[in-house]
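The first residue in the sequence is number 1, and the count goes up from there. Everything numeric here is computed off the predicted structure, so don't read it as measured data.
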Amino acid sequence: MPGCFKKTLFALASLISFVSFILIVVAMGTPKWMTGKILCKTGADLVNATDPELVKFIGEIYYGLFRGGKIRQCGLGGRRSKFTIFPHMVKKLNTGLHVMIIIFLCVAIFFSLVSFGFCILNAIKVPYRAINGPAGACLWNFLAGGFVVLAVTSFMAAVKLHHLTERIANFRENVFRFVILEERFEDCFWICVASATAHAVNLLLIGISEIHFPKVKTKTEEVNVTAEDIMY
């Protein structure tokens, strides 16, 4: 049986793995990975709008991995609309990269659950096989955190290098053209970053559990028996 200190560390690690699993699931299902401000360039150019008048042509956009919405401002008031990434819009995006982000997160979910199971196993007993012990728990946490990092990095590449927000904003816009004034990563993106950080914390906890602290031994006093003590 593992010691009390080791049990506590692995129990905490299992809890963190489960929380990471929940965080990734919530992030994938929430449509606010990115928000931004969009300018209706065509409308502003038609009326030759100056700085004070540009407010009437600035709308908003938000989106996640599967759906989103925007407010179009083209001089005649705001028009709200919602959209889904699949199956139509994904054809206008970098399909391979977008699908890879989703696959990375799905794999991270799987490894988070495996990590949860291995940490529970190590909290209950000392496995006979090394791969089932702390080494295995480290491996699954490393893979789970690594795939989350890959997903986050790929999403940043899609936004910054492949102009994801601009492509989404101009989807099925035949008359008006929108340009991006501002982009901001939202809570769901940072939730994924927190998930990767959680697995890094787990690696630290598992590493600490393998440290063998010296046991404190109480020094027993030596009893000196003399000839006088024996006589009495």
Is the Y63 to W33 ring centre distance short of 6.0 Å?
no

Exam field: side chain N170 to backbone E173, donor-acceptor pair closer than 3.5 Å
no

Between A137 and F10, what is the shortest heavy-atom contact and its length?
CB-CE2, 4.3 Å

Near R80 CZ, under 6.0 Å, is it more than 12 heavy atoms from other residues, nucleotides or ligands?
no

Does this structure show an ion pair linking E166 with R177, if we count only N-O contacts that are shorter than 4.0 Å?
yes

With distance as the sole test, does T153 use its side chain to make a donor-acceptor pair with the main-chain N or O of L150 at under 3.5 Å?
no

Check step by step if side chain to side chain contact (heavy atoms under 4.5 Å, CB included) holds for I109 and M28.
CA-CA 10 Å; I109 287 174; M28 289 186 70; 3.8 Å; yes

Side-chain donor/acceptor of H98 to backbone N/O of L65, under 3.5 Å
yes

When every non-hydrogen atom of F176 is compared with those of G43, the smallest separation belongs to CD2-N, 4.1 Å

At their closest point, which heavy atom of G59 faces which heavy atom of Q73, and how far apart are they?
CA-CG, 3.7 Å

May I have the step-by-step check of side chain to side chain contact (heavy atoms under 4.5 Å, CB included) for F83 and R172, ending in yes or no?
CA-CA 11 Å; F83 54 82; R172 288 184 177 174; over 6 Å; no

Using atom types as modelled and distance alone, determine if a side-chain donor or acceptor of W140 lies under 3.5 Å from a backbone N or O of F118.
no

Salt bridge between E60 and R72, side-chain N to carboxylate O under 4.0 Å?
no

Can I180 be reached from M89 by stepping across I, L, V, M, F, W or Y side chains whose heavy atoms are under 4.5 Å apart?
yes

Within the supplied structure, the quantity of interest is the number of heavy atoms (other residues, nucleotides, ligands) at a distance under 6.0 Å from F110 CZ; does it exceed 12?
no

Shortest non-hydrogen contact from I101 toward S154
CG1-CB, 3.6 Å

Is it possible for you to say whether I71 and V179 belong to one hydrophobic cluster, with membership spreading through side-chain heavy-atom contacts below 4.5 Å?
no

Counting N and O atoms only, with roles assigned by atom type, does the side chain of T30 sit under 3.5 Å from a partner on the main chain of K32, one being a donor and the other an acceptor?
no

Which heavy-atom pair separates F147 from A108 by the least distance, and what is that distance?
CB-CB, 4.0 Å

Check the surroundings of atom CZ in F142: do more than 12 heavy atoms from other residues, nucleotides or ligands lie under 6.0 Å from it?
no

For C192, the option from L105, T197, L23, D187 that meets side-chain contact (heavy atoms from CB on, under 4.5 Å)
L105

Testing the 3.5 Å rule here: is there a donor-acceptor pair between the side chains of S115 and H199?
no

How long is the span from the CG atom in L54 to the SG atom in C40, to the nearest 0.5 Å?
11.0 Å

Closer than 3.5 angstrom, by distance alone: can the side chain of N141 be matched with the main-chain N or O of N202 as a donor-acceptor pair?
no

Worked check of side chain to side chain contact (heavy atoms under 4.5 Å, CB included) between M34 and F185:
CA-CA 5 Å; M34 177 69 69; F185 292 104; 3.2 Å; yes

When rounded to the nearest 0.5 Å, the distance separating SG of C74 from CZ of F178 is 4.0 Å

Are there more than 12 heavy atoms of other residues, nucleotides or ligands under 6.0 Å from atom CZ of F18?
no

Could you go through K37 and E183, starting from their C-alpha distance and side-chain angles, then the distance that decides it, and tell me whether this counts as salt bridge (Lys or Arg N to Asp or Glu O under 4.0 Å)?
CA-CA 7 Å; K37 294 186 181 298; E183 290 178 314; over 6 Å; no

What distance separates L15 CG from L205 CG, expressed to the nearest 0.5 Å?
10.5 Å

Decide whether V149 and L204 are clustered together by the hydrophobic rule: side chain heavy atoms of Ile, Leu, Val, Met, Phe, Trp, Tyr closer than 4.5 Å, transitively.
no

Should V26 and I24 be counted in the same cluster of Ile, Leu, Val, Met, Phe, Trp and Tyr side chains packed under 4.5 Å apart?
yes

Considering only heavy atoms from C-beta outward, does the side chain of L9 approach that of I206 to under 4.5 Å?
no

Indicate yes or no: at least one non-hydrogen side-chain atom of H162 is less than 4.5 angstrom from one of L97.
yes

Quick one: pull up OG in S14 and CZ in F116 and give me the separation to the nearest 0.5 Å.
5.5 Å

Short question: side chain of T35, backbone of Y62 - any donor-acceptor pair under 3.5 Å?
no

How far apart are the C-alpha atoms of F189 and V152, what are their side-chain angles, what is the distance that settles it, and do they pass the side chain to side chain contact (heavy atoms under 4.5 Å, CB included) test?
CA-CA 7 Å; F189 174 85; V152 168; 3.4 Å; yes

Give the minimum heavy-atom separation between K70 and I168, together with the two atoms involved.
NZ-O, 4.3 Å

Would you say I38 and F57 are hydrophobically clustered, going by side-chain heavy atoms of ILVMFWY under 4.5 Å?
no

A quick test of your reading: do over 12 heavy atoms of other residues, nucleotides or ligands sit less than 6.0 Å from CZ of R79?
no

Side chains of S17 and S112: is there a donor and an acceptor less than 3.5 Å apart?
no

Nearest 0.5 Å, what's the CD1-CD1 distance between I120 and I124?
6.0 Å

